[in-house]
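Worksheet: one structure, shown below.
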Amino acid sequence: AYLLEAQGKLEEAERLYREALDGCREQLGDHHPDTLSSINNLASLLKDQGKMEEAEPLMREALDGCREKLGDHHPDTLT
């Protein structure tokens with residue numbers, strides 16, 4: 001997905017980011033750090049596509065999950 005995003009193939013990248021997120025949620029659960037990273041990746045792509053209404057709740061979910069799982073001062077929470 002990252003490579004497709006870098007190539008400007010945003011719709012294809014979005015599909016793969018969504019597949020990755022679905023797999024993470026299913027296999028690892030909603031609050032696993034890899035799932036939270038996947039949520040953030042999709043949210044960032046959506047933001048870059050101008051899909052702010054879709055991106056915002058995902059960004060909030062990732063931030064809340066990082067705060068809960070990693071703490072407020074962990075580097076992944078802060079970035």
Side-chain angles (χ1 to χ4, degrees):
Y2 177 78
L3 180 59
L4 290 170
E5 181 180 1
Q7 293 173 336
K9 299 176 182 177
L10 302 183
E11 295 300 320
E12 292 176 67
E14 181 182 339
R15 183 176 47 79
L16 291 179
Y17 277 130
R18 288 185 186 279
E19 285 180 25
L21 176 55
D22 290 345
C24 284
R25 286 189 194 274
E26 184 176 312
Q27 295 297 315
L28 304 173
D30 290 339
H31 294 92
H32 189 279
D34 290 346
T35 304
L36 298 172
S37 178
S38 188
I39 293 168
N40 192 62
N41 289 342
L42 175 58
S44 292
L45 176 71
L46 292 170
K47 178 187 67 72
D48 290 346
Q49 290 175 301
K51 299 178 180 179
M52 302 304 181
E53 289 184 15
E54 289 181 70
E56 183 180 355
L58 290 171
M59 288 182 169
R60 290 182 185 278
E61 180 182 359
L63 177 59
D64 291 345
C66 284
R67 283 182 169 159
E68 180 182 316
K69 199 71 170 174
L70 305 173
D72 287 338
H73 301 292
H74 189 279
D76 288 348
T77 304
L78 297 172
T79 57

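Here, residue 1 is the first one in the sequence, and each next residue gets the next number.
Grouping the Ile, Leu, Val, Met, Phe, Trp and Tyr side chains by contacts below 4.5 angstrom, directly or via other members, places Tyr2 with Leu36. Leu46 and Leu10 fall within the same hydrophobic cluster, where Ile, Leu, Val, Met, Phe, Trp and Tyr residues are linked whenever their side-chain heavy atoms come under 4.5 Å apart, directly or through other members. The hydrophobic cluster containing Leu28 does not contain Leu70, counting ILVMFWY residues as joined when their side-chain heavy atoms lie under 4.5 angstrom apart, directly or transitively.
For Ala20 against Ser38, the heavy-atom pair with the smallest separation is C-OG, 3.7 Å. Heavy-atom minimum distance, Gly29 versus Thr35: O-OG1, 2.8 Å. The two residues Cys66 and Asp76 have their closest heavy-atom pair at SG-O, 4.2 Å. Between Ala43 and Met59, the shortest heavy-atom distance links the atoms CB-CG, 3.5 Å. For Arg25 against Asp30, the heavy-atom pair with the smallest separation is NH1-OD1, 3.1 Å.
Gln49 has its side chain out of reach of Glu54: every pair of non-hydrogen atoms, C-beta onward, lies at least 4.5 Å apart. Taking the side chain as every heavy atom from C-beta outward, Leu16 and Glu19 approach each other to under 4.5 Å. Between Glu11 and Arg15 the shortest side-chain heavy-atom distance does not fall below 4.5 Å.
The line from CD1 of Ile39 to OG of Ser44 is 11.5 Å long, rounded to the nearest 0.5 Å. Taking SG of Cys24 as the start and CG of Asn41 as the end, the distance is 9.0 Å to the nearest 0.5 Å. For the atom pair CG (Leu45) and CZ (Arg18), the distance works out to 8.5 Å, reported to the nearest 0.5 Å. If you take CG on Leu4 and CD on Glu14, they are separated by 12.0 Å, rounding to the nearest 0.5 Å. Annotation: the span from Glu61 atom CD to Asn40 atom CG amounts to 11.0 Å, rounded to 0.5 Å.
Of the possible polar contacts, one joining the Thr77 side chain to the Gly71 backbone as a donor-acceptor pair under 3.5 Å is found.
Within 6.0 Å of the CD atom in Glu53, the count of heavy atoms belonging to other residues, nucleotides or ligands does not exceed 12. Counting heavy-atom neighbours within 6.0 Å of Lys69 NZ, excluding the residue itself, gives a total of 12 or less.
Applying the salt bridge (Lys or Arg N to Asp or Glu O under 4.0 Å) test to pairs two or more places apart or on separate chains, none has a residue in residues 32-49.
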